[in-house]
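Proteins come first, then strands; the chains are lettered A, B, ... in the order of their sequence lines, and each starts at number 1.
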Protein chains: 2
Amino acid sequence: MYSIGAMSKATGVKVPTIRYYEDIGLLRAPGRNAGNQRRYDPHGMQALGFIKHARDLGFALDDIRALMQLNGDLGTDCVEADRIAASQLLNVQARIARLQQLAAELARISHLCDGGNGGQCRVLTALGDHSQCTGAHD
Amino acid sequence: MYSIGAMSKATGVKVPTIRYYEDIGLLRAPGRNAGNQRRYDPHGMQALGFIKHARDLGFALDDIRALMQLNGDLGTDCVEADRIAASQLLNVQARIARLQQLAAELARISHLCDGGNGGQCRVLTALGDHSQCTGAHD
DNA sequence: GTAATTGCTCTAGTCCCTAGAGGTTCAAGA
DNA sequence: TCTTGAACCTCTAGGGACTAGAGCAATTAC
């Protein structure tokens with residue numbers, strides 16, 4: 001039986017966040033000891049680890065909820081789980097592509113600074129004027 | 001003189017968002033016409049364009065506030081503006097690196113699905129077990 | 001036995017908007 | 001000129017995923 005603090009240390013999820021997950025019904029409420037403190041069993045620990053890992057991979061809490069439900073069902077629906085994972089992969093790839101455009105634009109803008117203060121800062125000018133952009137960043 | 005709707009169309013910032021920017025003091029409150037509706041001048045338009053562009057580049061509103069203040073000062077502080085832009089570039093690059101690790105991990109997990117339902121779904125297993133991960137994604 | 005740590009609940013705040021209610025003003029056509 | 005429909009106004013609340021803090025109770029270590 002683990003206290004909430006032990007769970008937090010073991011998984012890397014902060015204590016208030018664990019309580020939050022319980023509040024929104026993502027993590028089942030565990031039993032309590034005589035002093036009304038949460039006491040988790042290994043199943044609870046595994047569930048929290050699953051959530052943490054999926055969060056680290058960028059899944060939304062609603063996705064995780066769906067994945068956990070699949071996990072709970074007998075005859076686990078592999079096709080659906082794979083669909084969610086694949087969609088998340090696409091999502092992440094799209095975000096990467098977009099960020100790469102932004103990085104290119106920022107690098108360009110950043111290099112405009114000549115260190116001097118001769119009137120107008122070209123970094124600021126570039127930020128104000130989208131038409132100076134080389135790529136279509138948005 | 002532009003109405004708020006004209007500003008929205010010209011810059012791509014939604015009407016409630018423009019009012020929000022005014023609320024938080026990012027965009028100066030414009031004058032009003034006889035019927036209490038906002039009327040913007042070209043300066044206001046330019047300011048909103050600046051905000052939009054900077055937001056598209058991923059700057060936080062607080063950064064934008066700082067940049068606009070620099071822009072307003074005489075003897076515009078190019079060094080400070082460049083510092084903010086460079087820091088934002090680092091930020092974006094770090095996010096890209098992290099997302100690329102996630103994408104690799106997700107691609108690996110996604111390929112575990114063999115389409116069958118032979119007991120346990122390996123996608124779900126992989127999500128639950130961080131130790132299966134190839135790279136240190138977090 | 002006492003002090004420090006950990007735990008409890010509850011409320012409110014973060015960021016950046018978005019949605020909706022309920023009302024007023026404007027612009028264009030008949 | 002009148003009417004209609006779009007655009008505008010203020011205000012409040014919600015969203016996602018937490019985070020922070022107050023004020024108190026329980027546990028743990030010495």
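Residues forming a side-chain contact (heavy atoms from CB on, under 4.5 Å) with A:Ala97 (at least two apart in sequence, or on another chain): none. With sequence neighbours left out, B:Arg65 forms a side-chain hydrogen bond (donor to acceptor under 3.5 Å, both in side chains) with no residue at all. The side-chain hydrogen bond (donor to acceptor under 3.5 Å, both in side chains) check on A:Arg39 picks up A:Gln37, with sequence neighbours excluded. Partners of A:Ala47 by side-chain contact (heavy atoms from CB on, under 4.5 Å), not counting sequence neighbours, listed by chain and number: A:Leu27, A:Met68. Listed by chain and residue number, B:Glu80 satisfy the salt bridge (charged side-chain N to carboxylate O under 4.0 Å, His left out) test with B:Arg83 (two or more places apart in sequence, or in another chain).
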Fill in the blank from the handout: The contact string for nucleotides 9-27 of chain D, one letter per nucleotide 5' to 3', using protein heavy atoms under 4.0 Å with B, S and - for base, sugar-phosphate only and none, comes out as SB------BBS------SS

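Within the structure, every pair that satisfies the side chain to side chain donor-acceptor pair (under 3.5 Å) test and touches residues 12-27 of chain A, not counting sequence neighbours, is listed here: A:Glu22-A:Arg38.
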For residues 88-95 of chain A, tabulate all N or O donor-acceptor pairs below 3.5 Å that involve a side-chain atom, not counting sequence neighbours.
from: A:Gln88; atom 1: NE2; to: A:Leu57; atom 2: O; distance (Å): 3.3
from: A:Gln88; atom 1: NE2; to: A:Gly58; atom 2: O; distance (Å): 2.9

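Protein chain B touches strand DNA chain C; the 5'-most and 3'-most nucleotides with an atom under 4.0 angstrom of its non-hydrogen atoms are C:dC16 to C:dC26.
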